[in-house]
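Remarks on the structure that follows.
Both counts, for ligands and for their atoms, begin at 1 and track the order of listing.
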Amino acid sequence: MTRPSIFVTRRWPAPAEEALAAHFDVTLNEDDRPLTKEELIAGFASHDIAAPTVSDVIDSDVVRAGGNGSCRMIANYGVGVNHIDLAAAAASGIPVSNTPGVLTDATADLTLTIMLMLCRRAGEGERELRAGEWTGWRPTHLVGRAMTGKTLGIIGMGRIGRAVAHRAHFGFGMNVVFQNRSPIADGGGVNGRQLGSGAEVCAASDFVSLHCAATPETRHILGAEAIAAMSPDAYVINTARGDVVDEAALVAALESGAIAGAGLDVFQGEPAVNPAIIAAPNTVLLPHLGSATQETRVAMGMKVVENARAFAAGAPLPDNVG
Ligand code: DGY
């Protein structure tokens, strides 16, 4: 294939777009607005490679239209691929790649940011000050809870789960417990204890943080039963995908005070956010910022370029997901 065409659904940081342009005939979404299904179908059908991202719904109609047209590869900009119908891609003989590894540190850093914001009530404090409502220092003002020395429960001890555990253990002296679908021999590198279920992790933890991929098996892995096992002093943090938490059960627990708070960077059906979550008490809510550093977003683009170039050269994809 000489100079293949690539369809890019959203704008990327400039160095990554430049790297694309050096190797491909690039069609950019110049206005960087969410594309309609019809626009996705047209783009997939008319390019050799499609480079979508988490905010696009790449369902079987889009994949099939690509396969019936000229699309021969999907090079996803992002590690999560739950927005792509992988079965349809396999049925159409279209390989899919992702961008693992390069967003581990950024996502782990944001998880720790959220944990600290929650237990130290940083969001509440900033809102109070900006509203001109701060009446001065007093011993009982916005008193939170310590993070140092507490127990962190991780659901999904992959790359990002391990990076969060590392920061929490070595930076904040936290004990770590975790659930993972396969056994982890080294305690996650933090002397962590693997437990059998999400509910056991919830019962043992002051902070429960989700780091599993969104699959049919992990849908609502943090549901009413697991949340009921949590202490009223404990917090939930989700930087994975909205679907892994049962939002209705979470809202009920926040409203009743069954848990101390929740920090969410991802939402079911985002960018729409369930109004009950916005209204719930003791939350830190961020607009899917896990990978949002210049370094990481450039590196994600470079990974797409690397995979697409391998495909064009007829070489195995470095990050083949299906
Ligand atoms: C991913 O890559 O899956 C992230 O959620 C995007 O930040």
- Task: On the 0 to 90° scale, with breaks at 30° and 60°, tag the Phe7-Phe44 ring pair as parallel, tilted or perpendicular.
- Result: perpendicular
Based purely on interatomic distance, does [X] place a nitrogen or oxygen under 3.5 Å from a nitrogen or oxygen of ligand 1?
X: His288; value: yes
X: Ser291; value: yes
X: Val54; value: no
X: Arg241; value: yes

For the student: nearest non-hydrogen atoms of [X] and [Y], plus distance:
X: Val54; Y: His288; answer: CG2-CE1, 4.1 Å
X: Ile154; Y: His211; answer: CG2-CD2, 3.9 Å
X: Gln268; Y: Asp246; answer: NE2-CA, 4.3 Å
X: Thr53; Y: Tyr77; answer: OG1-O, 2.7 Å

- among protein heavy atoms, the one nearest atom 2 (O) of ligand 1 is Val79 N, 2.7 Å
- Task: With heavy atoms of Gly78 as the reference, note each atom of ligand 1 found under 4.0 Å away.
- Result: 2 (O)
- Per-atom contacts, ligand 1 versus Gly80 - under 4.0 Å to a heavy atom: 1 (C), 2 (O), 3 (O)
- Task: Just do the side-chain hydrogen bond (donor to acceptor under 3.5 Å, both in side chains) check on Asn76 and His83 with the steps written out, would you?
- Result: CA-CA 10 Å; Asn76 186 56; His83 56 292; 2.9 Å; yes
- Can you tell which part of Leu103 has a heavy atom less than 4.0 Å from ligand 1: side chain, backbone, both or neither? side chain
